[in-house]
Number of protein chains: 2
Amino acid sequence: MATPLAQRKRQLVQDELTRAALGLLAGKGFEAVTVDEIVTAAGVSRRTFFRYFASKEDVVVQFLGDMGTGMCAELAIRPAHEPPSVALRHAVSVSIDACAGHDDRSLRVVRLILGTPALLARFLERRAHWRDELAAALAHRLRLDPVTDPYPHLAAGVALAAFDTVLHQWSGSNGTADPAALTDRAFTVVAPALDAVGQPCGPLSAGSVP
Amino acid sequence: MATPLAQRKRQLVQDELTRAALGLLAGKGFEAVTVDEIVTAAGVSRRTFFRYFASKEDVVVQFLGDMGTGMCAELAIRPAHEPPSVALRHAVSVSIDACAGHDDRSLRVVRLILGTPALLARFLERRAHWRDELAAALAHRLRLDPVTDPYPHLAAGVALAAFDTVLHQWSGSNGTADPAALTDRAFTVVAPALDAVGQPCGPLSAGSVP
DNA sequence: GCCATATTGACACTCAGTGCCATCTCCGGC
DNA sequence: GCCGGAGATGGCACTGAGTGTCAATATGGC
């Protein structure tokens, strides 16, 4: 390994910061905890915190990891003959498992995000990036032009709408519901839309777009 | 009228604040403009600004108005025999028209929101509230239980995914595309999902949810 | 004219986030 | 073993968003 020691020290600081932050935030709520309290609990300086996280929201949102990258990676390795609904269901399942898989902390983090407007806003912004990445991967997979054809953007949005509903249901059930079953059920509903590429409207069904 | 004069003075201040803010923000970008610059241009005090808007983001996002309320109102007055896809398409069209209808300012505001992470985050948070309101209205319309049945939440999310794609295309075309045609085209794709309520999965198709 | 109410402006304050610089530690070259 | 560069850290000062408080002013009804 090139620089294993410095790299691991960095990871150690980040983990401790995340641990201290999640503990405080889950107990007192997001806006009731200041960055000073977090860094005091973690034993580092205030300035160091902002070298690891761009904002106070990032400590929570970054905990969920790079789910967007995971979804695109899964979509890329799905067999080419799979219909979009199946490939997208597997891609979304990767993120769902990442959310629900960890330990009890995952549920608390998800509930914290869904219940805090500032955190929800940041999360949704990140989710919008996932949609764009998914749309690009889908356009590549189906050999569609991502700028002229609205289907990839729309299909990615529909798949993430299913993701939203699954996360909402799982959070509402206090983690007792089976994420895989919820995902299957949601995709059963949206599958007809995801597989409806190119059938009813070729270039344009009706309208005045030049 | 009860208090027409004071009410109209209040509206006057708010309009002037919005006008000054949009002018500055469109010209210099969101984070390059401080609240002090806005209030100086509008001729009021800094404290007054935060009595009209909860945050700097709110000046921009509130400009789009209460589109969520408009969508739900339209959904409520659609004939009961209309399939969900048609009723939701008309509901979404109300917001699309509200976005694209005004003057040139609408396009600049939309492009500003879609291009500024902080504004996009706030907009998406507001959009999440629209989805919840739409889901409640849809559950009432179809006489479904909004807590046990995932369909209303999912259908509202799918309809707003279509909304996102239409807004994205319209913004990308510099306002030259016809919003109604884009909306029709998007809903042609998602309609099979919106009208698939209760057919394939009654209580649950497969899984282990208690 | 007088009082209740609402709006505003001014000031002080907390807190998020950033730039800058001094310090320390690690690591490779000599 | 010593030295010099690179990266990580801490401290400090600063800008800017957002809030609480209070006094001054304007409105509207009596």
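What you see is a predicted model, and the numbers here were worked out from it, not measured in a lab.
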Euclidean distance, atom CG of residue B:Leu25 to atom P of D:dA17 [Å, nearest integer]: 11 Å
Residue-level proximity of residues 27-40 of chain B to DNA chain D when a heavy atom falls under 4.0 Å: B:Val33, B:Thr34, B:Val35
Euclidean distance, atom CZ of residue A:Phe50 to atom C1' of D:dG16 [Å, nearest integer]: 13 Å
Euclidean distance, atom CZ of residue A:Arg8 to atom C1' of C:dC26 [Å, nearest integer]: 14 Å
Separation of B:Arg51 CZ from B:Ser45 OG (nearest 0.5 Å): 6.5 Å
Can you give me the N/O atom pairs linking the protein to nucleotides 8-10 of chain D at distances under 3.5 Å, or say none if there are none?
from   : atom 1 : to      : atom 2 : distance (Å)
D:dT9  : OP1    : A:Tyr52 : OH     : 3.1
D:dT9  : OP2    : A:Tyr52 : OH     : 3.0
D:dG10 : OP2    : A:Ser45 : N      : 3.0
D:dG10 : OP2    : A:Ser45 : OG     : 3.1
D:dG10 : OP2    : A:Thr48 : OG1    : 2.5
D:dG10 : N7     : A:Arg51 : NH1    : 3.3
D:dG10 : O6     : A:Arg51 : NH2    : 2.5

Side chain A:Gln169, main chain A:Val166, donor-acceptor under 3.5 Å: no
A:Ser106 side-chain N/O to A:Ala100 backbone N/O, donor-acceptor pair under 3.5 Å: no
Short side-chain to backbone donor-acceptor contact, B:Asn174 and B:Thr176, under 3.5 Å: no
ring-ring contact (aromatic ring centres under 6.0 Å, His included) pairs, two or more places apart, involving residues 53-78 of chain A: A:Phe49-A:Phe53, A:Phe63-A:His102
With B:Arg127, the side chain to side chain contact (heavy atoms under 4.5 Å, CB included) member among B:Leu160, B:Val61, B:Leu120: B:Leu160
Between D:dG18 (P) and A:Lys56 (NZ): distance, integer Å: 13 Å
Any residue meeting salt bridge (charged side-chain N to carboxylate O under 4.0 Å, His left out) with A:Arg141, in chain and number order, not counting sequence neighbours: none
Close residues, residues 109-128 of chain B, relative to DNA chain C [heavy-atom separation under 4.0 Å]: none
Pairwise distance CH2(A:Trp170) to CG(A:Asp178) - rounded to 0.5 angstrom: 11.5 Å
Value rounded to 0.5 Å, distance of OH in B:Tyr151 from CG in B:Leu194: 5.5 Å
Electrostatic pair B:Asp58:B:Arg122 at N-O distance under 4.0 angstrom: no
Smallest separation among heavy atoms of B:Ala193 and A:Val190, with atom names: CB-CA, 3.8 Å
Parallel, tilted or perpendicular, as decided by the 30° and 60° cut-offs, for the rings of B:His168 and A:His153: parallel
Of residues 14-24 of chain A, the positions that come close to DNA chain D - non-hydrogen atoms, cut-off under 4.0 Å: none
B:Asp145 CG: over 12 foreign heavy atoms closer than 6.0 Å: yes
Between P of D:dG18 and CG of B:Asp58, the distance in whole Å: 9 Å
